[in-house]
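Just so you know, ligand 1 is whichever comes first in the structure, and atom 1 is the first atom listed for that ligand. Only this structure's heavy atoms are used, side chains among them; waters, hydrogens and symmetry mates stay out.
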Amino acid sequence: MKILIKNIKELLQVREENIDKVSGAEMAVLPKIDNAFLILENNVIADFGTMSNCPDGNFDKIIDATGRAVLPTWVDSHTHIVYAGNRVQEFVDRINGLSYEEIANRGGGILNSAKKLNETSEEEIYNQSKARLKEVMTQGTGAVEIKSGYGLTVEGELKMLRVIRKLAENYPVKIKATFLGAHAFPTEYKEDHSAYIDLIINEMLPKIAAENLADYVDAFLETGYFSVEETERIMESGKQYGLTPKIHVNQFTAINGIEACVKHGALSVDHLEIVTDEDIEVLKGSVTMPVALPSCSYFISIPYTPARKMISAGLPLALATDFNPGTTPSGNMNFVVATACIKMKMTPEEAINAATINGAYAMGISDTHGSITRGKSASVIITKPLTSYYQLPYAFGSNLIEQVIVNGKLI
Ligand SMILES: N=CN[C@@H](CCC(=O)O)C(=O)O
Ligand SMILES: [Zn+2]
């Protein structure tokens, strides 16, 4: 299939030479071509340029994008979209005054989702999850990282990862799988943390590796969850099976977890609602991408990641949804980009870079996703008519997407 998109008002995030990420002041630059064409062929970006150089030729489909912007699809590098049921009752409990921590201490939270997941068949979990995946594709997401972590048993974790694999097989969206057995301690291991970590290391990881079910390893490094030392054990063991760490850290407290993640070569550190000056120092010059999750901050009323401070220090920053039943029941990257602008004071250019090329880095796919570059995946968003791309975060409650193409397929 050869698709020509012509008369594009603004073709955004154009990178003639591929880059893997943008950091600090570079984040404010979003290269674009006005009055552009874009050709997609055999699932990849074949060519682009100004309309004055638009080639004639035979196309299977021609899309006239007069008045519209075209940009690479969003890269959502942090989600938990495979889960069973929902946690609406906890949502109402929070409105009535309970905190996330209080709910978790009552056996709600992650353990509530784990109970539901272990009681639900693989087929039913797949059906619930595919509906969420289809929804986020229509919202412009072309690549998504999905974590396990609601099983917390050998079978439950394998079940989740098999569902993720099946989603990857059946949908054009690019998917990376992350093993998050260290999401919470099951009740029976509350007093014996090392026994649960032994289970992760000696039983879960070998089985996951044998079936090649995961690309990355994650842990919830947080006061009351996994300590720095416990997370280090998980990172070391994961790496032995070829799984690079991507770690939940600094959501509620800063306990020098970022330093440990950087030391272990983590691809990303995610959440970062609480960030110290020392955390910023250790991230400088590292391979580790900081990832902010502003929809989570919004939904459970916790601080937003201090983006300005981090970008001013020269750091890169990625944006992702954290789509999960507890803290972020939304996978809408458009809302994430808008919220980053409105609440974190990121400029539209910074937010779009964070949600495309830097997101791609945070899921290890910047060679194929995250920019309009020849040879990259034919995954683009075509907007509705707009005055400029500033309207995307400005009109935060409107759906400004007219058409999404994911790996050459019209969604
Ligand atoms: N914080 C840890 N994990 C998820 C929430 C999990 C849940 O509450 O179900 C998060 O990223 O916010
Ligand atoms: Zn998360």
Side-chain angles (χ1 to χ4, degrees), residues 76-91 93-94 98-118 125 128-129 132 136 144-152 156-157 160 164 176-186 216-226 230-231 234 245-255 257 261 266-274 289-305 318-331 333 336 359 362-363:
D76 190 353
S77 65
H78 181 135
T79 83
H80 310 247
I81 68 171
V82 170
Y83 60 83
N86 62 57
R87 306 228 298 267
V88 287
Q89 185 54 50
E90 293 180 11
F91 169 61
D93 291 343
R94 264 199 318 280
L98 287 185
S99 69
Y100 182 74
E101 194 182 5
E102 286 163 337
I103 291 167
N105 289 342
R106 293 176 166 199
I110 296 166
L111 296 185
N112 181 355
S113 286
K115 183 170 184 294
K116 287 192 170 85
L117 186 122
N118 281 295
I125 296 165
Q128 292 183 19
S129 305
R132 290 187 277 269
V136 302
V144 63
E145 180 259 17
I146 310 176
K147 300 171 193 299
S148 67
Y150 291 125
L152 309 182
E157 288 295 309
M160 288 189 77
I164 298 171
K176 290 277 187 180
T178 299
F179 168 51
L180 177 55
H183 200 186
F185 287 98
Y216 300 110
V217 65
D218 195 349
F220 188 12
L221 198 177
E222 185 55 68
T223 306
Y225 291 83
F226 290 78
E230 288 164 348
T231 305
I234 304 283
K246 278 170 67 66
I247 304 292
H248 282 73
V249 64
N250 286 45
Q251 181 175 6
F252 301 108
T253 57
I255 52 173
C261 297
L267 181 61
S268 70
V269 283
D270 304 37
H271 267 292
L272 314 180
E273 287 85 348
I274 308 295
M289 175 65 71
V291 180
L293 310 167
S295 305
C296 173
S297 300
Y298 175 83
F299 189 71
I300 63 167
S301 303
I302 58 176
Y304 288 89
T305 300
L319 289 166
T321 64
D322 198 19
F323 196 170
N324 76 76
T327 68
T328 321
S330 160
M333 282 293 285
V336 166
M363 58 181 283

Would you call Y150 a ligand 1 contact, heavy-atom distance under 4.0 Å?
yes
re atom 1 (N) of ligand 1, the protein heavy-atom contact at minimum distance is Q251 OE1, 2.7 Å
Could you tell me, atom by atom, which parts of ligand 1 come under 4.0 Å of a heavy atom of D322?
10 (C), 11 (O), 12 (O)
Run the side chain to side chain donor-acceptor pair (under 3.5 Å) test against R94 and tell me which residues pass, sequence neighbours left out.
none
Do the two ring centres, one from Y150 and one from H183, sit under 6.0 Å apart?
yes
Just distance, no hydrogens or angles: give the donor-acceptor pairs under 3.5 Å from side chains in residues 294-303, sequence neighbours left out.
| unit_1 | atom_1 | unit_2 | atom_2 | d |
| --- | --- | --- | --- | --- |
| S297 | OG | P303 | O | 2.9 |

Closer than 2.8 Å to the Zn ion (ligand 2), which protein N, O or S atoms?
H78 NE2, H80 NE2, H248 NE2, D322 OD1
Provide the closest heavy-atom pair for C261 versus L221 in the form atom of the first, atom of the second, distance.
SG-CD1, 4.2 Å
Proximal ligand 1 atoms for H271, defined as those under 4.0 Å from one of its heavy atoms:
1 (N), 10 (C), 11 (O), 12 (O)
Within 4.0 Å of some non-hydrogen atom of T327, the atoms of ligand 1 are 5 (C), 8 (O), 10 (C), 12 (O)
Can you tell me if E222 has a non-hydrogen atom under 4.0 Å from ligand 1?
no
In the protein, which heavy atom is nearest to atom 3 (N) of ligand 1, and how far is it?
H183 NE2, 2.8 Å
Is it true that atom CD of E102 has more than 12 heavy atoms of other residues, nucleotides or ligands lying nearer than 6.0 Å?
yes
What orientation do F226 and F185 show, parallel under 30°, tilted 30 to 60°, or perpendicular over 60°?
parallel
Do E273 and N250 get their side chains close enough for a donor-acceptor pair, meaning under 3.5 Å?
no
Please list all pairs meeting salt bridge (Lys or Arg N to Asp or Glu O under 4.0 Å) that have one or both residues in residues 290-302, counting only residues at least two apart or in different chains.
none
Is the shortest heavy-atom distance from the side chain of M333 to the side chain of T321 under 4.5 Å?
yes
So, E222 versus T253: side-chain donor-acceptor pair below 3.5 Å or not?
yes
Y100 heavy atom under 4.0 Å from ligand 1:
yes
